Amino acid sequence: MNDTYKLTLTAMMIAIGTLSSSLIVIPIGFTKIFPVQHFLNVLSAVLLGPYYAVAQAFGVSLLRNLMGTGSVFAFPGSMVGALLAALLFWKTRKLFMAFLGEVIGTGILGALLSYPIATLLLGQEATLFGFIPLFIFSSFAGALLGFIILGIFLKKNVLFSTKKDVVQHDKN
């Protein structure tokens, strides 16, 4: 896949992610989760690699914040998740590692990076018992969706055409 194609695909993911993340939300308690962003992190990590995955996460986070539907927490969380998902995937060529990278990167590391700001804005109790569990759940739900959809396409050999690009799909 050449760089022009990757850049075009990244721009399309940013546009689709910005619109759908603003419209497709799951209200839980006092907040909402945005699994589409995490799905796109896994998708861009597997299809495009680390640089484009981070660019996609940054682009969607920036545009959603400019539209008023984003969150300051999306910047560190999504970018760390997209980067870790891409690095783990491209190192191992296993789809499960992209899923795991997104959950650990966004759900755990992103939540920890966002903890000080969340505590200031929401209070410590709301952060510990609301924000962090929902951050983890949101990244898990979106990454699982990406893992399932990519797994279906990989079984049908739709995504990669050359033997060099073949990805091992975990049977777990």
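Along the sequence shown, residues are numbered consecutively beginning with 1. Because the structure is a prediction, the values reported are computed rather than measured. The figures that follow rest on heavy atoms only: side chains count, while hydrogens, waters and symmetry mates do not.
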Distance from [X] atom [atom1] to [Y] atom [atom2], nearest 0.5 Å?
| X | Y | atom1 | atom2 | answer |
| --- | --- | --- | --- | --- |
| Phe99 | Leu150 | CZ | CG | 12.5 Å |
| Leu95 | Ile148 | CG | CD1 | 10.5 Å |
| Met97 | Ile104 | CE | CD1 | 7.5 Å |

Residue pair [X] / [Y]: nearest heavy atoms and the distance that separates them:
| X | Y | answer |
| --- | --- | --- |
| Pro50 | Leu83 | CB-CD1, 3.9 Å |
| Phe89 | Lys94 | CD1-O, 3.4 Å |
| Ala82 | Ala53 | CB-O, 3.5 Å |
| Pro133 | Leu128 | CD-O, 3.3 Å |
| Ala85 | Ala98 | CB-O, 3.3 Å |

Provide the full list of side chain to side chain donor-acceptor pair (under 3.5 Å) pairs with a residue in residues 76-89, sequence neighbours left out, each pair given once.
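Applying side chain to side chain donor-acceptor pair (under 3.5 Å) to every pair that reaches into residues 76-89, excluding sequence neighbours, yields nothing.
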Applying side chain to side chain donor-acceptor pair (under 3.5 Å), which residue pairs with at least one partner in residues 102-122 are found, sequence neighbours left out?
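Every pair satisfying side chain to side chain donor-acceptor pair (under 3.5 Å) with a residue in residues 102-122: His38-Glu102, Asn41-Glu102, Glu102-Thr106, Tyr115-Gln124.
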Apply side chain to side chain donor-acceptor pair (under 3.5 Å) to Ser139 and list each qualifying residue two or more places apart in sequence or on a separate chain.
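Testing Ser139 for side chain to side chain donor-acceptor pair (under 3.5 Å), a comparison that skips the adjacent residues, returns none.
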Set of residues satisfying side chain to side chain donor-acceptor pair (under 3.5 Å) with respect to Asp3, sequence neighbours excluded
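Result, side chain to side chain donor-acceptor pair (under 3.5 Å) vs Asp3: Tyr52.
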Check: Trp90 side chain, Leu48 main-chain N or O, donor-acceptor pair, under 3.5 Å:
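Side chain of Trp90 to backbone of Leu48: no pair is present.
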Set of ring pair (Phe, Tyr, Trp, His ring centres under 6.0 Å) partners for Tyr51, sequence neighbours left out
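With sequence neighbours excluded, Tyr51 shows a ring pair (Phe, Tyr, Trp, His ring centres under 6.0 Å) to no residue whatsoever.
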Under the side chain to side chain contact (heavy atoms under 4.5 Å, CB included) test, residues paired with Leu112 that sit two or more places apart:
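Here the qualifying residues are Ile108.
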With the 4.5 Å side-chain cut-off for hydrophobic clustering, are Tyr5 and Leu43 part of the same group?
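Tyr5 clusters together with Leu43.
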Only distances under 3.5 Å count here; give the side-chain donor-acceptor pairs of residues 7-15 to other protein atoms, sequence neighbours excluded, each with its distance to 0.1 Å.
from  : atom 1 : to   : atom 2 : distance (Å)
Thr8  : OG1    : Thr4 : O      : 2.8
Thr10 : OG1    : Lys6 : O      : 2.7

